[in-house]
Amino acid sequence: MTLTAIKGFNDVLPGESGRWHYIEEAARRVFELNGFGEIRVPVMEKTELFCRSIGDATDIVEKEMYTFTDKGENSVTLRPEGTAGVMRAFIEHKLYAQDPVSRLYYLGPMFRYERPQKGRYRQFHQIGAEITGVHDPLADAQVLNMLTAFFREIGLDEPSLQINSLGCPECRPAYRAALCSFLNERLEDLCEDCRRRLTSNPLRTLDCKVLGCVQATAEAPSMLDHLCGDCDQHFGSVRRYLDLSVTPYSINPRMVRGLDYYTRTTFEMVTGLLGSQSAVAAGGRYDGLISQLGGPAIPGIGFAMGVERVALLLGQREFASTPDLFIATMGSGERDTAYKLMDGLLKLGVRVELDYEGKSLKSQMRRADKLAARYSVVIGENEVNSGRASFKRMSDGTTTELALNAEEIAAALAVR
RNA sequence: GUGGCUAUGGUGAAGCGGUUAACACUUACGACUGUGACUCGUACAUUCGAGGGUUCAAAUCCCUCUAGCCACCCCA
């Protein structure tokens, strides 16, 4: 193999793209039903946008971004996630001036320089949605319901919803301090990674997988007990709304997010079926992000889901479509007739296959079978002369004689 | 960035030092000279990820490199 794709960059071949369409179409249907409109933003942005939104100290910004200098000496970066670019466009085009509430969704490739493994790739695809302009927890609930509805729409009950609240700039610092002092008392029980996390991102120690850490942090203080009055009330309302819509969820007070901009409500759709990648979709509220990027003080909430991970969950279901009719020809003398028939039927929306190379009849019939065509017809000298042919239903071999007329054939095939 | 595992045709794979690299699927053609599925026949890797080495002899042993996968980390 001389020339191959870049590590962590994958091709989606025709046999698999049907599954992608299925996912994308379901998302569009569900999101648009909820009043969301698609926004398409560039895959590359100024590097600064991601540093300011995601957070300078996060792993994403520190070591996972595809950043380079373009020919104009600007530092640009292939987007590692979608929200930052969408919010940049939101601010740049002053969408808030047209409507106090905006609901946007997007889909497309994201790039992160990580070591690839199951469910994790360097180019991966996300479908995401964002609501801006709403402080009310009703928006949180709508987003969560929509996500739940999407998984129901594609026929999956596997990923389950977990929610948490991260508090706000008012109450989080106090919680963080309480957690740090708790952890400092048990330093010797923590793994090496967690000792490092203590300074970099203490909240992360809460979802460490090492047994010793799990035990050591079992009694750790919970963010939920340290929420300020407003945050506590907000979280309570989110839960009440979810209960009202009978949306299943569980509270996971140890859930942590990787991006700095999250406040209050955070959530994940998790599964145990994806190896070490448990999050299929995740998101949260980001009330400070828009102003932080130079826009007005408008709150936001949203999520993104990993298309590859959803596709993995869908498994080997068959999404390919099959031909309505396969036209076989006896010899080159009949090809013009067959070609015209195919053309006429295609123009009427009938999916027709015609052998390209004038193979033997045997071969053509085998191919018709392989493609799982619903009907087949053989065009030979007799058919050309009589203008009629018998159409064979492949499932049981029964035949029907019809005139070689596109309208008549299309009508007949549609009924059967 | 750190580990572990694996590399044989279009695909899944047998082979574990000795002349033609098993088998199955796929593909092509045929058995039926105008009709598929089942069945049967024939064909399809001068070559075993790449490069070195050991040996009379290497896909099989050794070294180096490369790639892929999975896990850590992190995350969708």
Side-chain angles (χ1 to χ4, degrees), chain A residues 1-8 10 13 15 54 58-65 79-83 107-128 147 159 191-194 196-197 200-201 204 207-210 255-259 267-271 274-284 302-313 326-331 334 355 357 359-384 389-397 399:
Chain A
M1 201 62 69
T2 49
L3 214 41
T4 58
I6 300 169
K7 181 201 277 284
N10 298 304
L13 302 177
I54 298 168
T58 58
D59 274 29
I60 295 179
V61 171
E62 266 183 4
K63 48 198 189 198
E64 296 176 359
M65 297 206 302
R79 62 181 183 193
E81 60 104 35
T83 302
L107 79 195
M110 307 293 161
F111 305 85
R112 264 125 85 167
Y113 192 86
E114 300 181 88
R115 193 75 162 253
Q117 67 188 71
K118 185 176 183 146
R120 195 176 85 179
Y121 312 99
R122 288 185 174 176
Q123 178 180 37
F124 61 102
H125 297 76
Q126 289 188 332
I127 304 179
L147 196 49
C191 71
E192 213 176 301
D193 284 331
C194 281
R196 176 174 51 75
R197 288 176 182 128
S200 63
N201 189 354
R204 274 246 167 264
D207 71 355
C208 182
K209 289 162 195 152
V210 177
M255 192 174 79
V256 188
R257 307 276 50 250
L259 288 62
F267 52 88
E268 286 185 357
M269 294 294 280
V270 299
T271 176
L274 250 41
S276 74
Q277 262 58 244
S278 59
V280 180
F303 65 81
M305 62 187 172
V307 178
E308 285 84 353
R309 293 184 183 180
V310 176
L312 241 28
L313 284 181
F326 188 98
I327 302 175
T329 54
M330 287 310 297
E334 292 82 34
D355 171 67
E357 325 223 351
K359 297 254 178 69
S360 71
L361 184 60
K362 174 94 173 171
S363 296
Q364 295 183 64
M365 290 306 292
R366 274 186 177 157
R367 184 158 173 78
D369 186 59
K370 178 156 194 293
L371 295 174
R374 287 169 56 230
Y375 284 86
S376 70
V377 65
V378 176
I379 309 283
E381 209 176 331
N382 300 343
E383 284 77 11
V384 173
S390 63
F391 287 72
K392 181 176 187 176
R393 194 200 301 173
M394 298 297 278
S395 59
D396 57 10
T399 58

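Keep in mind the model is a prediction, meaning the values are calculated, not measured. Below, read A as the first sequence line, B as the second, and so on, with proteins coming before strands; counting in each chain starts at 1.
- Nucleotide C69(B): paired with G4(B) (Watson-Crick or G-U wobble, both distances less than 3.5 Å).
- Nucleic acid contact class of Gly397(A) (heavy atoms, under 4.0 Å, all strands): base.
- Here the separation of A24(B) from C44(B), taken at their C1' atoms, is 15 Å to the nearest Å.
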Please test Phe326(A) against Asp369(A) for side-chain contact (heavy atoms from CB on, under 4.5 Å), starting from the C-alpha separation and ending with a verdict.
CA-CA 9 Å; Phe326(A) 188 98; Asp369(A) 186 59; over 6 Å; no
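- Closest contact between the side chain of Lys7(A) and the listed nucleotides C29(B), G34(B), G68(B) involves G68(B).
- Judged by distance alone, with hydrogens and angles left aside, Arg120(A) brings a side-chain donor or acceptor within reach of the base of C74(B), the pair sitting under 3.5 Å.
- Asp193(A) comes within 4.0 angstrom of the backbone, heavy atoms only, and of no base.
- Residue Ser363(A) places at least one side-chain N or O closer than 4.0 Å to OP1 or OP2 of C29(B).
- Among the protein residues, Gly128(A) comes within range of no part of the nucleic acid, since none of its heavy atoms lies under 4.0 Å from any strand.
- Put simply, CE on Met255(A) is 16 Å from C1' on C74(B), counting in whole angstrom units.
- Counting non-hydrogen atoms under 4.0 angstrom, Glu334(A) reaches nothing in the nucleic acid.
- At G30(B), one or more side-chain N or O atoms of Ser360(A) fall inside 4.0 Å of OP1 or OP2 (strictly under the cut-off).
- If you take atom C1' in C48(B) and the same atom in C29(B), they sit 28 Å apart, rounded to whole Å.
- The CD-C1' distance, from Gln117(A) to C69(B), rounds to 10 Å in whole Å.
- With G36(B), C74(B), G34(B) as the candidates, the nucleotide lying closest to the side chain of Met330(A) is G34(B).
- Of all nucleotides present, only U64(B) satisfies the Watson-Crick or G-U wobble test against A50(B), with each distance under 3.5 Å.
- Lys7(A) and Pro116(A) get closest at one heavy-atom pair: CG-CG, 4.0 Å.
- One C1' atom belongs to G30(B), the other to C69(B), and the distance between them is 42 Å to the nearest Å.
- Applying the 4.0 Å criterion to OP1 and OP2 of C73(B), one finds that Arg196(A) has every side-chain N and O outside that range.
- The interatomic distance linking Glu114(A) (CD) with A71(B) (P) rounds to 13 Å, in whole Å.
- To the nearest 0.5 Å, atoms CZ (Arg79(A)) and CZ (Phe111(A)) are separated by 7.0 Å.
- Regarding Met65(A), its CE atom lies at a distance of 17 Å from the C1' atom of A76(B), rounded to whole Å.
- For A59(B), there is no paired nucleotide, since no Watson-Crick or G-U wobble pair has both relevant distances below 3.5 Å.
- Only the P atoms considered, A22(B) is 12 Å distant from U46(B), to the nearest whole Å.
- With a cut-off of 3.5 Å on both Watson-Crick or G-U wobble distances, the partner of U11(B) is given as A24(B).
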Go through it in stages, so that I can follow the logic: the residues are Ile127(A) and Val307(A), the test is side-chain contact (heavy atoms from CB on, under 4.5 Å), and I'd like the CA-CA distance, side-chain angles, deciding distance and then a yes or no.
CA-CA 7 Å; Ile127(A) 304 179; Val307(A) 178; 3.5 Å; yes
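- If you take atom C1' in U55(B) and the same atom in C74(B), they sit 49 Å apart, rounded to whole Å.
- Among the atoms of the strands shown, only primed sugar atoms or phosphate atoms (P, OP1, OP2) are found under 4.0 Å from some heavy atom of Val280(A).
- In the interface, the side chain of Arg366(A) is paired with the base of G30(B) through a donor and an acceptor atom under 3.5 Å apart.
- Using C1' as the reference atom, A28(B) and C70(B) are 38 Å apart when rounded to the nearest Å.
- A salt bridge does not link Glu81(A) with Arg112(A): every distance from a Lys NZ or Arg NE/NH1/NH2 to an Asp or Glu carboxylate oxygen is 4.0 Å or more.
- Asp207(A) places its CG atom 10 Å from the C1' atom of C74(B), with the value rounded to the nearest Å.
- Taking the side-chain contact (heavy atoms from CB on, under 4.5 Å) definition, one finds that Glu383(A) meets it with Ile379(A), Ala389(A), Leu404(A), sequence neighbours left out.
- When each of Ala373(A) and Ala279(A) is assigned the nucleotide of RNA chain B with its nearest heavy atom, Ala373(A) is the one assigned upstream, toward the 5' end.
- Counting non-hydrogen atoms under 4.0 angstrom, Leu259(A) reaches the backbone sugars and phosphates but no base.
- Taking the side chain of Arg115(A) as heavy atoms from C-beta on, and the options G1(B), G36(B), A76(B), the nearest nucleotide is G1(B).
- Taking the C1' atoms as reference points, G41(B) lies 36 Å from A58(B), given to the whole Å.
- Taking side-chain N and O atoms only, Lys362(A) has no distance below 4.0 Å to OP1 or OP2 of C29(B).
- Between the side chain of Glu64(A) and the base of G1(B), no donor-acceptor pair of N or O atoms lies under 3.5 Å.
- The separation between Arg367(A) atom CZ and U26(B) atom C1' is 13 Å, rounded to whole Å.
- Taking only distance into account, the side chain of Lys392(A) meets the base of G36(B) through a donor-acceptor pair shorter than 3.5 Å.
- With RNA chain B read from its 5' end, the first of the two nearest nucleotides for Glu381(A) and Gly306(A) is the one closest to Glu381(A).
- Within 4.0 Å (heavy atoms only), Thr58(A) reaches no atom of the nucleic acid at all.
- Atom OH in Tyr113(A) sits roughly 11 Å away from atom P in U2(B) (whole-Å rounding).
- OP1 or OP2 of A76(B) has at least one side-chain nitrogen or oxygen of Arg257(A) nearer than 4.0 Å.
- Closest approach of Pro80(A) to Met110(A), counting heavy atoms only: O-CB, 3.9 Å.
- A 3.5 Å limit on both hydrogen-bonding distances identifies C29(B) as the Watson-Crick or G-U partner of G41(B).
- Tyr121(A) comes within 4.0 angstrom of a base, heavy atoms only.
- Using C1' as the reference atom, U20(B) and C61(B) are 24 Å apart when rounded to the nearest Å.
- Judged purely by atom type and a 3.5 angstrom limit, Arg393(A) has no side-chain atom pairing as donor or acceptor with the backbone of Arg374(A).
- Here the C1' atom of nucleotide U2(B) and the CD atom of Glu192(A) are 12 Å apart, to the nearest Å.
- For the side-chain contact (heavy atoms from CB on, under 4.5 Å) test, residues two or more places apart in sequence or in another chain that qualify with Leu312(A) are Lys118(A), Tyr121(A), Leu274(A).
- The residue Ala368(A) sits apart from the nucleic acid: no heavy atom pair falls under 4.0 Å.
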